[in-house]
Q: 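Got a structure here, written out as structure tokens. Questions coming.
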Amino acid sequence: MTENSYPFKKIEPKWQKFWRKIGLFKMDPRSPKTKYYCLMMFPYPSSALHVGHGRNYIIGDVVARFMMMRGFNVLTPMGWDAFGLPAENAAIKDGIHPKTSSLRNITRMKKQLDAWGTGYDWSREVTSCLPDYYKWTQWIFLKLYEKGLAYKKKAAVNWCPSCQTILANEQVIEGRCWRCDNQVTEKVLEQWFFKITAYAQRLLDDLSKLKEWPQRVRTMQQNWIGRSEGVRIDFPLEGEDKALSCFTTRVDTIYGATYMVLAAEHPDIEKLIEGAPNRDDILAFVEKVRKQNIASRATAEIEKEGIFTGRYVINPVNNRQIPLWIANYVLMEYGTGAVMAVPAHDQRDFEFAKKYNLPIEVVIDNPNEALNAQTMRGAYVDEGVMVNSAQFDGLDNRQAMEKIADFMEKKKIGQRTVHYRLRDWLISRQRYWGAPIPIIYCEHCGQVPVNEKDLPVLLPEKVEFRPHGESPLKQARAFVNTTCPKCKAKARRETDTMDTFVDSSWYYLRYLSPKDKNRPFEREIVNKWLPVDQYIGGVEHAILHLLYSRFITKVFYDLGLVDFDEPFKRLFTQGMIIKSGAKMSKSKGNVVSPDELIAKYGADTVRLYTLFIGPPEKDAEWNDRGVEGAWRFLNRVWRLIKQPNVAEGKKNDWLKRKTHLTIKKVTEDIEREFHFNTAISAIMELVNEIYKAQDEGVDAVAREEALEATVILLSPFVPHMAEEMWQLLGKKNSIFELPWPSYDKEAIQAEEVLIVVQINGRVRAKITVPYDITEEDLKEQVLHNEKVTTWIKEKPVKKFLIVPRKLVSIVL
RNA sequence: GCGGACGUGGCGGAAUUGGCAGACGCGUUAGCCUUAGGAGCUAAUGGAGAAAUCCGUGGGGGUUCAACUCCCUCCGUCCGCACCA
């Protein structure tokens, strides 16, 4: 760094202060401009931000500044997803109260955000762990409770022994805890749920409205909801006036059902095996399978095992008696926990049938090669022709599926149904650092919701929060002991807290009236500002947070609280920043902190490099050398401003053209796909051209225009430097109050164009011709071109093709 | 197993509708400037070749005057879901 290099240390704080002073990011509710809500996923206040986080905020800041210049009334708020385990774990380890550490981290992170030059309307800051926020999280719980969408039930749940808490299905990844990566086990407990399954179909259908979401995220949500259409069939029990119902998506294979299987958790098992001679063996087997808990079932492909119950059921379409088994490969959570097994046409059933010598019967034949049940080595799961299926024989199995379903519905032995993979959202957490669930248990009245006027249910501050499998709040007597809101008798409070995803499912609404004491948000204001125009965050929230937010929004819509039923119109998921081949994390020790980088090169350099590193939706490897490149470029631009144009020279139409081409390219790159990397490279090209033009001598007007364009086009990326240079160019006011430039179409059209000449598909010559040359003249020129004639020689021209202003293709 | 994305120099990555492959940057090499350079400037930089030219976008095949781009097929990488009936 020499004395001539770009003095960011003086410049950056100056402009940060200036933006605060003029309230650049403070949204004016009375502005007549069109609204633009630019939202970034609010961060968890961990100890410090790294450059990976920065990518999110920098992208958002570029969008906000760009949209401002495009004439929108931009809202970019910021807040803190401040409840959650890490703060509590730190408290257990270091003895610092989660509130203290969270608020301290918030202060630190706010400084980091400022240092990056990212601007927010801080007057709208929300912090989810503060009572004026979680009061309304609790209020939302009450609304869902009123609507019957929040309920309590005993359930086998995912239990993380290390975090000592329950996890939602969404938080179990391959049988492991999403947070600490330990094996999850099963535990039966009374838990609170939100009935998200009631919205499964709408959450699925409305994905089609989200055209501006990444396809990947929509597919992930679709798979997660997991709708499947099929038929529910009742199989009467032999010797009893009862039936077992099962669900199948392959009703066309019903004639090939040679046995039925139950999940070990099936509630009817005890009754079914009453009096069976090997009852104890069966129970022992059931017990064994149950112990193969969620975790091991998910991680390891375990050997299929089963046991015969001694009972039989009747296949209702052909009255055939088939044996009833219990097996470890049937899941209670999906369908009815009972499956009609068709070994010939289902791989799992096939393997099981082979192992236990159960009959295999082909009912769909391969049209190309006849199947043989004795010799087949796997199930045939493709399309085919119906055989051994009574009146349905000969049909195409697709058609048969419909015909059989019709037949069963008519005969009342089965019914078309839809099943979802989505489970209800388990929101209870046996931890301290979360919003208390506003429920009171009274000896007389039972489960009673807290009155709205008594909210918030304050989280007590003095609590022993070392975990012991129960909510730490259970120890806080003053908290637990209360009176019943209905009968005033002695009562006790619910001691579980809510999943932090409840907090984050509605924060984007609170930004519109963060200080409102009377309601969570104001109807008219949120209707005006929502849906969010641009949401930016990590793809890791593709399912959890985004699905929950969509659900809560739909609930609000049904409650008449809002007029929109999707919260986020456009979603952008930025890629991770990788260092040494891995995601940055403190434990891996590969964290790149922005603090030293900003101190060494300034925020603009770090911003520029972060944006230039690659397409923002893709993961990118951080390279310290690349930062130097960004620094060099900024200095190159800086020198351009500081040094006068020495050799004032001739008119330069090329520079003017390049200027306008760059305006076009940068504008489209930002607007279209957020391709900041190519936008920046286009500006680099323009800067290179300015230098070249200066060397060759350029007129002051073209140079000035190019320079101004460079500064404006750079402004969303390197705002501090842009402001400073704008001032040096003798302009008043903030550059961000300026309208984004539009390009001059005429200037882009060149006087002369380069025409590529291909002969038999190879480039053989390049010639320059007037922009508006006629086709005849062009042909004339091409055929008389020296290079072209040497290639053509005496051969006849078979084809002569012209792509206007681009190329000529000749076939010999 | 199912679903999706992708495969381009030493590296990150460019390439509107098929139309000059490798923009821009990093790195490397040579030179200039400088007391010095981890600053700046100039030039070179996919491979082979003295050159004309030829070969090059994971492999093979196809469509086309023309293919990184479209079609078929194989291989590989990444991601999501996964005993879902």
Side-chain angles (χ1 to χ4, degrees), chain A residues 1-5 173-174 214-224 226-228 230 246-251 253 257 260-261 263 297-304 327-331 333-342 345-349 351-352 381 419-421 539 542-543 608-609 612-615 617-633 635-636 639 665 668 672 675 677-688 691 695 754-766 790 798-801 803 806-812:
Chain A
M1 257 132 277
T2 65
E3 50 192 274
N4 285 331
S5 60
I173 295 132
E174 289 182 357
Q215 182 58 46
R216 183 161 66 125
V217 174
R218 283 155 59 190
T219 310
M220 281 164 77
Q221 291 216 354
Q222 193 181 319
N223 292 341
W224 190 261
R227 179 193 154 103
S228 51
C246 75
F247 172 77
T248 181
T249 53
R250 288 298 304 276
V251 73
T253 64
M260 189 176 195
V261 217
R297 275 205 232 174
T299 42
E301 272 269 327
I302 52 172
E303 170 80 14
K304 288 180 182 48
N328 62 348
Y329 74 95
V330 177
L331 304 172
E333 304 89 66
Y334 190 79
T336 60
V339 170
M340 66 170 213
V342 186
H345 304 293
D346 182 285
Q347 189 56 32
R348 295 154 296 171
D349 297 342
E351 285 166 25
F352 193 78
V381 294
H419 264 286
Y420 299 94
R421 207 186 72 102
V539 75
I543 296 172
L608 191 78
Y609 175 65
F612 188 62
I613 193 167
E617 71 278 8
K618 284 216 218 151
D619 290 352
E621 170 86 27
W622 185 268
N623 176 358
D624 291 327
R625 304 261 205 175
V627 183
E628 302 244 359
W631 165 248
R632 277 205 285 270
F633 170 70
N635 277 286
R636 208 161 138 75
R639 284 196 303 272
K665 167 105 177 120
E668 285 171 359
R672 247 191 334 174
H675 280 166
N677 56 330
T678 49
I680 291 166
S681 72
I683 302 171
M684 287 172 168
E685 281 183 56
L686 178 60
V687 169
N688 292 346
Y691 270 103
D695 287 348
L754 187 76
I755 298 283
V756 173
V757 183
Q758 291 181 351
I759 299 170
N760 285 347
R762 302 204 104 92
V763 177
R764 294 303 184 193
K766 294 171 188 180
T790 55
K798 279 194 204 144
K799 231 188 228 180
F800 194 93
L801 213 124
V803 179
K806 252 191 180 158
L807 63 80
V808 166
S809 179
I810 300 167
V811 186
L812 300 178

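On a predicted model such as this, the values are computed, not experimentally measured, just so you know. Here is the naming used below: chain letters follow the sequence lines, and residue numbers restart at 1 for every chain.
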Q: Please give the distance between the C1' atoms of B/U57 and B/C20 as a whole number of Å.
A: 15 Å
Q: Once you round to the nearest 0.5 Å, how far does NZ of A/Lys806 lie from CD1 of A/Ile755?
A: 10.5 Å
Q: Return whichever of A/His675 or A/Val763 has its heavy-atom-nearest nucleotide of RNA chain B closer to the 5' end.
A: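 Looking at the nearest nucleotide for each, A/His675 comes out on the 5' side.
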Q: For nucleotides 66-71 of chain B, give me every protein contact, N/O to N/O, under 3.5 Å, one pair per line with atom names.
A:
none

Q: What form does the base of B/G56 take, syn (within 90° of 0) or anti?
A: anti
Q: Can you name the atoms? Protein N/O to nucleotides 1-6 of chain B N/O, anything below 3.5 Å, with the distance.
A:
none

Q: At under 4.0 Å between heavy atoms, which parts of nucleotides 22-34 of chain B does protein reach? Answer with one letter per nucleotide, 5' to 3': B base, S sugar-phosphate only, - none.
A: -BBSSS-------
Q: Please list, chain by chain and in numerical order, all residues satisfying side-chain hydrogen bond (donor to acceptor under 3.5 Å, both in side chains) with A/Thr249, sequence neighbours excluded.
A: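 Checked A/Thr249 against side-chain hydrogen bond (donor to acceptor under 3.5 Å, both in side chains); zero matches.
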Q: Taking atom types as they are modelled, is there a donor-acceptor pair under 3.5 Å from the base of B/C65 to the side chain of A/Lys799?
A: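 Under the 3.5 Å cut-off, the side chain and the base do not form any donor-acceptor pair.
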Q: Can you tell me the distance, in whole Å, between the CG atom of A/Leu807 and the C1' atom of B/U17?
A: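 To the nearest whole Å, that distance equals 14 Å.
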Q: Expressed as a whole number of angstroms, how long is the span from A/Arg218:CZ to B/C79:P?
A: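 To the nearest whole Å, that distance equals 23 Å.
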Q: Would you mind classifying the nucleic acid contact of A/Leu801 as base, sugar-phosphate or nothing, using non-hydrogen atoms under 4.0 angstrom?
A: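 Here A/Leu801 touches the bases of the nucleic acid.
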Q: How does each nucleotide of nucleotides 44-49 of chain B score, in 5' to 3' order, for protein heavy atoms under 4.0 Å: base (B), sugar-phosphate only (S), or none (-)?
A: ------
Q: Run the side-chain hydrogen bond (donor to acceptor under 3.5 Å, both in side chains) check on A/Arg421 and A/Asn223 step by step: do they pass?
A: CA-CA 8 Å; A/Arg421 207 186 72 102; A/Asn223 292 341; over 6 Å; no
Q: Just checking A/Arg764: base, sugar-phosphate only, or nothing, at a heavy-atom cut-off of under 4.0 Å?
A: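 If one applies the 4.0 Å heavy-atom cut-off, A/Arg764 turns out to touch the sugar-phosphate alone, with no base involved.
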Q: OP1 or OP2 of B/C41 versus the side-chain N and O atoms of A/Arg639: is any pair under 4.0 Å?
A: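 Affirmative; the distance criterion is met.
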Q: In chain order, what residues pass the ring pair (Phe, Tyr, Trp, His ring centres under 6.0 Å) check against A/His419, with sequence neighbours excluded?
A: A/Phe247, A/Tyr334
Q: Among residues at least two apart in sequence or on other chains, which ones pass side-chain hydrogen bond (donor to acceptor under 3.5 Å, both in side chains) with A/Glu628?
A: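 Counting only residues at least two positions away or on another chain, A/Glu628 forms a side-chain hydrogen bond (donor to acceptor under 3.5 Å, both in side chains) with A/Tyr601.
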Q: For A/Gln221, which residues count as a side-chain hydrogen bond (donor to acceptor under 3.5 Å, both in side chains) partner, sequence neighbours excluded?
A: A/Arg550
Q: Run the side-chain hydrogen bond (donor to acceptor under 3.5 Å, both in side chains) test against A/Tyr329 and tell me which residues pass, sequence neighbours left out.
A: A/Tyr259, A/Asp349
Q: In which stems does RNA chain B show up, taking only runs of three or more Watson-Crick or G-U wobble pairs whose two distances fall under 3.5 Å?
A: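 Only these stems qualify: B:1-7 with B:75-81, B:10-12 with B:24-26, B:27-32 with B:40-45, B:46-48 with B:53-55, B:58-62 with B:70-74.
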Q: By salt bridge (Lys or Arg N to Asp or Glu O under 4.0 Å), which residues pair with A/Arg672, not counting sequence neighbours?
A: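 Once residues adjacent in sequence are excluded, the partners of A/Arg672 under the salt bridge (Lys or Arg N to Asp or Glu O under 4.0 Å) criterion are A/Asp669.
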Q: Just jot down the ring pair (Phe, Tyr, Trp, His ring centres under 6.0 Å) partners of A/Phe633, sequence neighbours excluded, or say none.
A: none
Q: Over all strands shown, is A/Lys798 touching base, sugar-phosphate only, or nothing at heavy-atom distances under 4.0 angstrom?
A: nothing
Q: What's the gap between B/A82 and B/G4 when it is taken at their C1' atoms, as a whole Å value?
A: 14 Å
